[in-house]
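Some notes on the structure that comes next.
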Amino acid sequence: MNSRRSSTAVVKVLLAVFALLVFCLDLPVVGCKARSVADMILQPREIFHEAVQSAIQIQNISETGGIFFGEKEYTLGEIARAQAAAGYFADAIQTAGRIGKYQDQYLADIAFAQARAGDPDAAKETVRQYLPKERWGGALRQVALIQADRGDESGALAVAAQLGPIARDEVLAAIGTRKARAGDLDAASQAAASISSPYSRDEVWYAIVEAQAKSGNLEEARRTSAKIKDKDMSRSIPYVLAKARLEAGDVVGTLRLTKGLAPGTKAGTLLAIAEVQVKTGNHSDAGETLRQATRDALREREAFSKAQELAHIAAVQLRAGLSPDAINALESLPDRKDIRWEWCEIAGAQAEIGKIAAALDSAKKMGDRKACALIAIASRQVDAGDPEGALNTIQLNPNPADISSAKAELASQLAKRGDIDTARRFAEEVLITGAHYEEGYRAPALREIARAQANSGKVTDALVWARGQRSPYSRALALLGVAMSLAERQQKTH
């Protein structure tokens, strides 16, 4: 009996290998029959199903803030979304139905995916059949907005007409905004004029102002902006004009427009101008622009915003090879816990240009909140081909959970770079005996590893490895990675 079972298992393995060769190499062996064997074994739909079967075996172990949403629900939700993205809508609905009381949001997301895929009728059917009636209005309104964004104006307005005047105005605003961005300002103006809601109407006028400014018609943009009644939108118009001119490539004109901006907004706009100057090789002007941005950032009243702008400026200075004067300005601020976080961006920029020692010094300035800086540094070390250096860096974290989280993040990064063996090693080190929450870091990394390996063409290896994961949580997400890779490949070939 055992011998017969062994023989059967061997035959199954050989068939799987043969089918994989046909699938990957497109060998002309037995034509359609060979292809159908491959499809049976390596269909993404079947791997998704296998991931679901593992997910339903997960025993939840976490509870946060009194709202219970465990590993099982998270994993099933991720699978459902991936199935919907792959076009397996019926399967996605079935998977979402296993989530329990949290299924409504996932079912709504599936309906939206159907609408984005060009099947609004199926989306509306999903909403009406699977969502509670009190959620129909919001979900159908979102479906209508997706239709409007896709250019199906009549279909979007037909749905909105059933929902009432608020939905109608929101859809008209979406249509008008889309027209403005496409340059059809007359049609956008007509849409705005037909909207009853002041806020929705202002959204369209705002989009028209952006379009006019981008085309260089600043006076017309200012006249249009006078129609905007919303105070927040109206206050932001000077920034909108400057941003639009910069997007149009008008650096000189944008610099002129910054004179009327508030200090914080002006600093951010000058920073954006400097980034354009750096990209075009104009480092001398960029240096002066960044020095002016630093002066304006220091005039910002709120300490956190001031520190944030200075950190952004310093990062640009570092990457451009300019003197990082903004670092001195940041160090001149009173030491406060809520602004230490900004050293994270500086540490990342220093690591990016190879100044690891300086980056680690910046991380120290964050006190016990340096996890962000250390993972930024380690990530740059991985990019530079130094995974062991990255591992040493993250070990400087005082919190074991931060170390595990960082290892998982680096494992995902290594996988995407094609270093599957090192990625697996990093992921294996995440799980710490007695600390159940560690798998919450590890399992998503396994998905990225399996996905990257399958993307590299080693589907069988990825599948065997995924199936070999000990816990249902890790196994389900690793299988999900393989299924996602196969589904993405299938969509590209169709």
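What's counted below: heavy atoms across the whole structure, side chains too, no hydrogens, waters or symmetry copies.
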[X] versus [Y], closest heavy-atom pair with distance:
X      : Y      : value
Leu131 : Trp136 : O-NE1, 2.9 Å
Arg150 : Arg116 : NH1-O, 2.8 Å
Pro398 : Lys370 : CD-CE, 4.2 Å

Side chain to side chain contact (heavy atoms under 4.5 Å, CB included) evaluation trace for Gln43 with Leu486: CA-CA 7 Å; Gln43 265 287 344; Leu486 290 171; over 6 Å; no

Stepwise, does the side chain to side chain contact (heavy atoms under 4.5 Å, CB included) test hold for Lys214 with Arg181? CA-CA 10 Å; Lys214 196 172 288 188; Arg181 289 173 180 165; over 6 Å; no

Consider side-chain contact (heavy atoms from CB on, under 4.5 Å). Of Ser471, Pro444, Pro472, which one does Leu477 pass it with? Pro444

Near Ile166 CD1, under 6.0 Å, is it more than 12 heavy atoms from other residues, nucleotides or ligands? no

Within a reach of under 6.0 Å around CZ of Arg45, are more than 12 heavy atoms found that belong to other residues, nucleotides or ligands?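 No, not enclosed.
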
Look up atom [atom1] in [X] and atom [atom2] in [Y], then write down how far apart they are to the nearest 0.5 Å.
X      : Y      : atom1 : atom2 : value
Glu210 : Thr224 : CD    : OG1   : 12.0 Å
Glu78  : Leu480 : CD    : CG    : 7.0 Å
Arg380 : Ile375 : CZ    : CD1   : 10.0 Å

Asn455 side chain reached by Glu488 side chain, heavy atoms, under 4.5 Å: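 Glu488 reaches Asn455 side chain to side chain.
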
Would you kindly say whether Tyr106 and Thr95 are connected by a side-chain donor-acceptor distance under 3.5 Å?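 Thr95 and Tyr106 do not have a side-chain donor-acceptor pair below 3.5 Å.
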
What I want to find out is whether Asp421 reaches Arg424 closely enough, with some N-O distance under 4.0 Å, to be called a salt bridge. no

